[in-house]
Amino acid sequence: MPRLEWPLHIVRRVVIGVIVLTVLAVAIPLTVNWFEERRARCGDGVVKMGDDRECVGVTDGSYTFADHLGPVEKKIKAENELVEKHGDKYVSVAYMTSFTLTEDDSNSEESVRHELEGAYLAQYRHNRGDLSSSPKIKLLVANMGSSAAHWEHTVDELIDRKTSDDKLVAVTGLGPSDTQNLDALRRLSDNGLALVASTMTATNIEGIKGLVRVSPTNVDEAYAASAYLKKEKVRRAVVVQDDARENYYAKTLGDAFTKVFQDIEGHQLVADRMTYDSSVRGAWENELRYMPGQLCDQKPEAVFFAGRGKHLTRFLDAIANRPCQDREFMVITGDDTTNLTADDLAHAAESKVRVLYTGLAHPDMWKEDPDAVSRPSAQHFQPGGSLAKWFPDDQHQDGQAIMAHDAVLTAAQGIQMASLGEVTGESVARMFHQMNSRQQVPGASGFISFQNNGNPRNKAIPILHLTAKGRSELVEVSARRGEPARKQ
């Protein structure tokens, strides 16, 4: 059979065609992937995720997660660039929470903005302010998305920053006391990062390696609230509690008050705990609406509300419309009230019910009890102080800026104390438990030292009154047992 020979020009065309097809087979997917990545990318370290295409991840201030965060993120970026420009030795500290919020979040935009402003103040003081020390710190902003839905992506991004030029050693903030945030901090702990929670108060958050918190626990708050009521001769109370399964804040707060209020004979809860379930949309508001009628029958002298601040406003609306209008009510609650906006507070105050709460911090604490709070730190939060100069359109009565400041300041002091050796997440975490006596953190919320379980020791707790103008007025400074807080 004769051999078939192809003309040379046809062979060349076939070979070229094969090569082109091969290149296209590789290039087209790569091009598609490139466009997909570009479309999903919000900025360096920040990507769009979820049905709502939230921008989540980690930034040095180059990317702004929300317009209202623009002024503070601009300052953080400038400070980070200054650290790199000067060539000093530095490590990084991240402030992590949910910065893109929806109605499902317990925090407000005002609340998280204040947190970031306080975090920046601590960075500034450590780098070139009145507490200037070394190594310097870069501050990273880490967003987990609404309800911390994308915590896994953000945590993985933070873990990668340990070995990058950022040299991340500590993560602060960490969000509210709920399941997603607890999962996030456990992953960070497993990867050797030091952790400082700013506003987590749920009592059951213990035994996590490398974790400390600058806020009092819910048990501490319950003791302080109970002691105040007893001093006011209140003997009959009722607990109203959110029964949502993942709301550790509400459960541990309600359990603690139930126990400690009745520890003295003659003080009693006059009814079973009244509950609502905030996880059932469309139902919990109705549950709260029907409670005042029962309270009119039970005649408690005080109602202890163990729920989020945004639920409190609905509860107060219901009490304002109570059938027993001639009866006065006192409501006392926990620190989540600080997450309410100024408008929310003003609306709550219109209920004509006396409302008190155990806060985490207040700018006037050092005036009430100078021995319990660092005056130099507190002065930054006073009228004319650093925050008022930098962010003149914001008020900082809610204490969120103070708590974030104290959390970052704790991490910064741990970094300074660890600097005699290699500064790592593990070495910084070990220093947290050396912060006793003269090494206490000079916090604006109180002098801070830690027990072995990571909880603060005898932390100052302000008792606050919600005034008719929607502002928080300091009543007294207490501590775990209702005794005055003192520097250790």
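In what follows, every heavy atom counts, from backbone to side chain, and hydrogens, waters and symmetry copies are set aside.
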Next on the checklist: If the condition is ring pair (Phe, Tyr, Trp, His ring centres under 6.0 Å), which residues does Phe304 pass it with, not counting sequence neighbours?
Outcome noted: Phe257
Checklist entry - Under the ring pair (Phe, Tyr, Trp, His ring centres under 6.0 Å) test, which residues partner Tyr90, sequence neighbours left out? => result none
Next on the checklist: Under the rule for side-chain hydrogen bond (donor to acceptor under 3.5 Å, both in side chains), what residues qualify as partners of Asp52, not counting sequence neighbours?
Outcome noted: none
Next on the checklist: Tell me which pairs pass salt bridge (charged side-chain N to carboxylate O under 4.0 Å, His left out) where either residue lies in residues 122-131, with sequence neighbours left out.
Outcome noted: Glu79-Arg128, Arg125-Asp130
Just to verify, what does [X] make a side chain to side chain contact (heavy atoms under 4.5 Å, CB included) with, not counting sequence neighbours?
X: Ala412; result: His126, Ile137
X: His68; result: Ala66, Glu109, Val112, Arg113
X: Ala244; result: Asp242, Asn247, Asp277, Ser278, Ser279
X: Val373; result: Met365, Trp366, Ala378

Checklist entry - Aromatic rings Phe391 and Tyr120: how do their planes relate, parallel, tilted or perpendicular, breaks at 30° and 60°? => result perpendicular
Which pairs would a plain distance check flag for residues 381-390, meaning a side-chain donor or acceptor within less than 3.5 Å of a matching protein atom at least two apart in sequence or in another chain?
unit_1, atom_1, unit_2, atom_2, d
Gln382, NE2, Pro363, O, 2.5
Ser386, OG, His380, ND1, 2.8

Next on the checklist: Strictly by ring pair (Phe, Tyr, Trp, His ring centres under 6.0 Å), give each pair with a member in residues 127-168 just once, sequence neighbours left out.
Outcome noted: none
N/O donor to acceptor pairs below 3.5 angstrom from side-chain atoms of residues 418-428, sequence neighbours left out:
unit_1, atom_1, unit_2, atom_2, d
Ser419, OG, Gln416, O, 2.6
Thr424, OG1, Glu426, N, 3.4
Thr424, OG1, Ser427, N, 3.1
Thr424, OG1, Ser427, OG, 3.3
Ser427, OG, Glu422, O, 3.0
Ser427, OG, Thr424, N, 2.8
Ser427, OG, Thr424, O, 3.1

Checklist entry - Any disulfide bond (SG atoms under 2.5 Å apart) pairs touching residues 45-135, not counting sequence neighbours? => result Cys42-Cys55
